[in-house]
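Along the sequence shown, residues are numbered consecutively beginning with 1. Keep in mind the model is a prediction, meaning the values are calculated, not measured.
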Amino acid sequence: MQDEAIMRIKFLSICLLLMLISTSDAATFYLLRHAEKQTGDNPELTTQGQKRAGRVAKLLSLTDIQAVYSTDYQRTRQTAESIAQVKNLTVQLYNPKSLKQFAQKLIDLNENAIIVGHSNTTPELVNLLSGQTVPAMDEGTFNLIYQVITIPDSTDKKAVINVLSSQQ
């Protein structure tokens, strides 16, 4: 009985959040690291990485996305391209060495976007977009998808962070 009450409270909280977000000019960003890569200087995705990129594309296919961004590396472009094809969009490149400027551009554009990066840039970009800190990502992590929902109408420019997984 107590578990049922907790579930009702959680459900009502999510409904309230969705109502607040739907009435504002919120933007939703999905940030992820590229899928599994081969070795080398600018490697392509492995077979497992290609499968993961396909799962991510399927997972995000129902989202309302206006843009897909990637760094200019084969592994990130291949991951982003899987998503862009499903959404009928073109992959736009960004410079991972200019994350503050890129984050400001995303905030200014205020459009729903998917951003494919790296283990070191993805958490940093989540931090820049949300104003909150997420843990660093290790080299073996490929399954995390950060959903950052900005709420520009709020007085303190809050953002909501959800963490999704692309694992089967």
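One distance of note links OG of Ser70 with CZ of Arg77; it measures 7.0 Å at 0.5 Å rounding. Separation of atoms OG1 (Thr71) and NE2 (His118) is listed at 2.5 Å; rounding is to 0.5 Å. Residue Gln74 holds its CD atom at 12.0 Å from NZ of Lys37, rounded to the nearest 0.5 Å. Distance check, rounded to the nearest 0.5 Å: CG of Leu144 to CZ of Arg33 gives 10.0 Å. Between the CD1 atom in Ile83 and the OG atom in Ser61 there is a gap of 10.5 Å [rounded to 0.5 Å]. For the atom pair OH of Tyr94 and OG1 of Thr76, the computed distance is 7.0 Å after rounding to the nearest 0.5 Å.
Minimum interatomic distance between Lys97 and Asn95 (heavy atoms only, all atoms of both residues): N-OD1, 2.8 Å. Closest approach of Val126 and Ser130 over heavy atoms only: O-OG, 2.8 Å. Smallest separation of non-hydrogen atoms from Pro96 and Thr121: CB-CG2, 3.9 Å. Between Ser119 and Asp138, the shortest heavy-atom distance links the atoms CB-O, 4.1 Å. The two atoms that bring Lys87 and Leu62 nearest to each other are NZ-C, 4.4 Å, heavy atoms only. Shown here for Arg55 and Ser166, the closest heavy-atom pair between the two residues is NE-O, 2.9 Å.
Under the 4.5 Å side-chain heavy-atom criterion for grouping Ile, Leu, Val, Met, Phe, Trp and Tyr, Phe102 is connected to Leu31 within one hydrophobic cluster. There is no path of hydrophobic side-chain contacts, each under 4.5 Å, that joins Val163 to Ile145. No path of Ile, Leu, Val, Met, Phe, Trp and Tyr side chains, each step under 4.5 Å between heavy atoms, connects Val148 with Val160, placing them in separate hydrophobic clusters. In this structure, Val91 is not a member of the same hydrophobic cluster as Val86, with clusters built from ILVMFWY side-chain heavy atoms closer than 4.5 Å. In the hydrophobic clustering of this structure, Leu106 groups with Leu128; members are Ile, Leu, Val, Met, Phe, Trp, Tyr whose side-chain heavy atoms approach within less than 4.5 Å, directly or through other members.
For the side-chain contact (heavy atoms from CB on, under 4.5 Å) criterion with Leu45, the lone passing option out of Gln50, Gln38, Glu36 is Gln50. For the side-chain contact (heavy atoms from CB on, under 4.5 Å) with Leu32, the qualifying choice from Ile115, Leu164, Ile114 is Ile114, the only one to do so. Checked options Leu129, Asn162, Val134; the residue passing with Tyr146 is Val134 (criterion: side-chain contact (heavy atoms from CB on, under 4.5 Å)).
Here the side chains of Arg52 and Phe142 are in contact, with some heavy-atom distance below 4.5 Å. Phe29 has its side chain within reach of Thr150: a pair of non-hydrogen atoms, C-beta onward, lies under 4.5 Å apart. Side-chain contact check for Val56 versus Ser82: every heavy-atom pair is 4.5 Å or farther apart. Leu89 places a side-chain heavy atom less than 4.5 Å from the side chain of Ile65. Contact check for Leu125 versus Asn127: no side-chain heavy atoms found under the 4.5 Å cut-off.
The closest donor-acceptor contact from the side chain of Gln132 to the backbone of Ala159 lies under 3.5 Å.
Enclosure of atom CD in Gln48 is not indicated, since only 12 or fewer non-hydrogen atoms of other residues, nucleotides or ligands lie within 6.0 angstrom.
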